[in-house]
Amino acid sequence: MAAKVLFVGGTGIISSACSPRALEHGHDLYLFNRGRSLRPSPADAVLVPGDIHANPQVLQEVIDEHHIDVVVNWIAFHPDDVRRDIELLRGRVGQYIFISSASAYQKPVPSLPITEATPLGNPYWEYSRNKQRCEEILMEAYQREGFPVTVVRPSHTYDRTLLPFSQGYTILRRMLAGKPVIVHGDGTSLWVLTHHRDFARAFVELLGNPAAIGEAYHITSDEVLTWNRIYSVVAESAGVELRSVHIASEAISRYDADWGASLLGDKAHSVMFDNSKIREVASEFKAEVPFEEGVQEIVAWYEQNEGLYEANPDFDALQDRIINDLGRPS
């Protein structure tokens with residue numbers, strides 16, 4: 001059933017594929033954002049300029065004026081963000097979709113494949129703990145007062161602008177220059193990368209769906225790759241030979257706490273996902289873009305838009321320092 005849907009955001013890495021998909025499904029789409037993204041808004045979407053952090057009351061005014069049915073907040077990262085949304089939206093919308101993260105699942109992962117029943121709890125990464133707390137606040141509001149929340153947990157979803165590494169463009173530049181790059185651990189841990197168009201195919205089935213209220217879903221590809229393979233695929237697509245150096249994630253963390261948190265709290269752990277639950281509401285969902293295909297879009301994008309990006313000299317130097325101290329290219 002078509003609905004009036006408002007995206008807070010809507011032009012980000014994941015949402016930029018969901019916006020046109022929602023329109024294709026007949027929804028009326030409103031985008032509430034600052035209009036600063038390099039990703040264009042769909043021509044048929046209604047643009048509502050604004051900053052929810054600076055002027056949250058504007059969101060309430062837009063919802064009341066246009067009789068919005070569904071609000072999706074793509075940029076809620078802190079518990080205060082969802083507390084604000086509950087206050088703004090209480091009694092005003094039929095569904096609120098919170099974009100969480102699969103990194104909020106317990107680390108180390110207790111068993112594979114990960115299902116929505118896998119416990120949450122990430123002691124390593126504050127980003128993930130904040131997403132978990134947001135979920136808890138929203139589900140408490142659902143249990144207490146019927147606040148109509150649906151939780152969605154993406155896992156490393158990418159578009160043509162995003163390489164799957166910390167400071168990704170810097171890593172690509174190192175590869176192109178023939179320099180060695182760090183691969184965390186021994187590179188054999190398993191990982192899942194999901195193209196944003198694949199994510200969108202399933203996500204739009206949740207919009208205005210009463211069966212999704214009070215539920216949490218992850219949406220991921222079923223393709224599982226080692227990190228060694230991920231780095232190799234990027235190098236192959238760039239037409240260069242991979243020179244990799246394997247460094248333990250714990251050692252990387254001692255050099256850079258933020259990079260280490262993203263590894264120890266997420267990428268250093270093997271993952272694979274059971275997507276049975278999302279297929280209960282999106283029966284035809286199947287991820288169609290393998291990473292070998294998706295990475296070609298990424299490399300082509302960087303080649304065509306090289307002027308938009310600069311390698312991070314500090315991260316480049318950090319790679320050199322760690323490699324010099326701890327490892328040799330393999």
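Only a predicted model underlies this, so the values are computations on that prediction, with no experimental measurement involved.
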Mind listing the closest non-hydrogen atom pair of C18 and F203 along with its distance? SG-CD2, 3.7 Å

Within 6.0 Å of CD in Q57, more than 12 heavy atoms from elsewhere: yes

Does a side-chain N-to-carboxylate-O contact under 4.0 Å join D320 and R174? yes

Where the side chain of N312 meets the backbone of F315, is there a donor-acceptor pair that is under 3.5 Å apart? yes

Does one side chain, of Y255 or D325, offer a donor that lies under 3.5 Å from an acceptor on the other? yes

Any link between L264 and I252 through a network of hydrophobic side chains (Ile, Leu, Val, Met, Phe, Trp, Tyr) touching at under 4.5 Å? no

Using a strict cut-off of less than 4.0 Å between a Lys/Arg side-chain nitrogen and an Asp/Glu carboxylate oxygen, indicate whether R229 and E292 qualify as a salt bridge. yes

Testing F199, F285, F273 one by one against H218 for a ring pair (Phe, Tyr, Trp, His ring centres under 6.0 Å), which residue passes? F273

State, to 0.1 Å, how close L163 and G168 come at their nearest heavy-atom pair, and which atoms those are. CD1-O, 3.2 Å

Flag the pair F291 / H195 as yes when their ring centroid distance falls below 6.0 Å, and as no otherwise. no

Within-4.5 Å side-chain heavy-atom neighbours: L242 and V181: yes

Return the minimal non-hydrogen interatomic distance between A76 and F98, and the atom names on each side. O-CE1, 3.5 Å

Lys/Arg-Asp/Glu bridge criterion (N-O < 4.0 Å) met for E280, K277: no

For T220 and N275, does a side-chain donor sit closer than 3.5 Å to a side-chain acceptor? yes

Please determine, by modelled atom types, if R173 and Y309 share a side-chain donor-acceptor pair under 3.5 angstrom. no

Close side-chain approach of S189 and T226, heavy atoms under 4.5 Å: no

Are more than 12 heavy atoms from other residues, nucleotides or ligands located less than 6.0 Å from atom CZ of R201? yes

H246-N228 side chain donor-acceptor pair, cut-off 3.5 Å: yes

T118 side chain vs T115 backbone, donor-acceptor pair below 3.5 Å: yes

With a 4.0 Å cut-off on N to O distance, would you call K131 and E136 a salt bridge? no

State, without any angle test, whether D274 and S276 hold a side-chain donor-acceptor pair at a distance under 3.5 Å. yes

Strictly distance-based, threshold 3.5 Å: is any side-chain N or O of R92 a donor or acceptor partner for the main-chain N or O of I63? no

Please determine if R197 and D159 form a salt bridge, counting it only when a charged side-chain N lies under 4.0 Å from a carboxylate O. no

Close side-chain approach of P79 to N130, heavy-atom, < 4.5 Å: yes

Quick one: does L6's side chain get under 4.5 Å of V70's, heavy atoms only? no

Please collect all side-chain hydrogen bond (donor to acceptor under 3.5 Å, both in side chains) contacts where either partner lies in residues 71-82, sequence neighbours excluded, each pair once. N73-D85, D80-R83

Below 6.0 angstrom between ring centroids: does that apply to Y169 and Y302? yes

With a 3.5 Å distance limit and no angle check, can you tell me whether N55 reaches the backbone of D51 through a side-chain donor-acceptor pair? no

Side chain to side chain contact (heavy atoms under 4.5 Å, CB included) for K107 and V109? Distances and angles first, verdict last. CA-CA 5 Å; K107 300 296 184 304; V109 179; 4.0 Å; yes

Which is it for I278 and V152 under the side chain to side chain contact (heavy atoms under 4.5 Å, CB included) test, yes or no, and what are the steps along the way? CA-CA 10 Å; I278 188 61; V152 178; over 6 Å; no

F7 vs L31 side-chain heavy atoms within contact, under 4.5 Å: yes

Do you know the tightest heavy-atom contact between R153 and S100? CG-CB, 4.0 Å

Grab the two heavy atoms, one from G121 and one from P123, that are nearest each other, plus how far apart they are. O-CD, 3.7 Å

So, Q95 and T150: side-chain donor and acceptor under 3.5 Å apart, yes or no? yes

Please confirm whether the backbone N or O of A104 pairs with a side-chain atom of Q132, one donor and one acceptor, at under 3.5 Å? no

Could you walk me through whether E205 and R21 pass the salt bridge (Lys or Arg N to Asp or Glu O under 4.0 Å) test, one step at a time? CA-CA 10 Å; E205 301 294 340; R21 190 76 177 181; over 6 Å; no

Considering only heavy atoms from C-beta outward, does the side chain of M272 approach that of D222 to under 4.5 Å? no

Chi angles and distances behind the side chain to side chain contact (heavy atoms under 4.5 Å, CB included) call for V151, E215: CA-CA 6 Å; V151 171; E215 299 290 342; over 6 Å; no

What about Y231 and F165, are their ring centers closer than 6.0 Å? yes

Looking just at side-chain N and O atoms, do S103 and S128 make a donor-acceptor pair shorter than 3.5 Å? yes

Side chain to side chain contact (heavy atoms under 4.5 Å, CB included) between H156 and T194: does it pass, once the steps are laid out? CA-CA 6 Å; H156 211 149; T194 306; over 6 Å; no

Does A311 offer a backbone N or O that forms a donor-acceptor pair with the side chain of Q167 under 3.5 Å? no

Counting only heavy atoms not in Q60, do more than 12 fall under 6.0 Å of its CD? yes

For the rings on Y158 and H196, is their centre-to-centre separation under 6.0 Å? no

Option passing ring pair (Phe, Tyr, Trp, His ring centres under 6.0 Å) with H184 (candidates W227, W191, W259): W227

Within a strict 4.5 Å, meaning less than it, do heavy atoms of the V72 and V8 side chains meet? no

Taking A287's backbone N and O only, do any of them form a donor-acceptor pair with D198's side chain (distance below 3.5 Å, no angle check)? no

Just by distance, do the side chain of S16 and the backbone of G12 share a donor-acceptor pair under 3.5 Å? yes

Looking only at atom types and distance, does a side-chain atom of N122 sit under 3.5 Å from a main-chain N or O of G265, one as donor and one as acceptor? yes

So does G260 get a backbone contact from the side chain of S253, meaning a donor-acceptor N/O pair under 3.5 Å? no

Hey, are the side chains of Y142 and P148 touching, using non-hydrogen atoms and a 4.5 Å cut-off? no

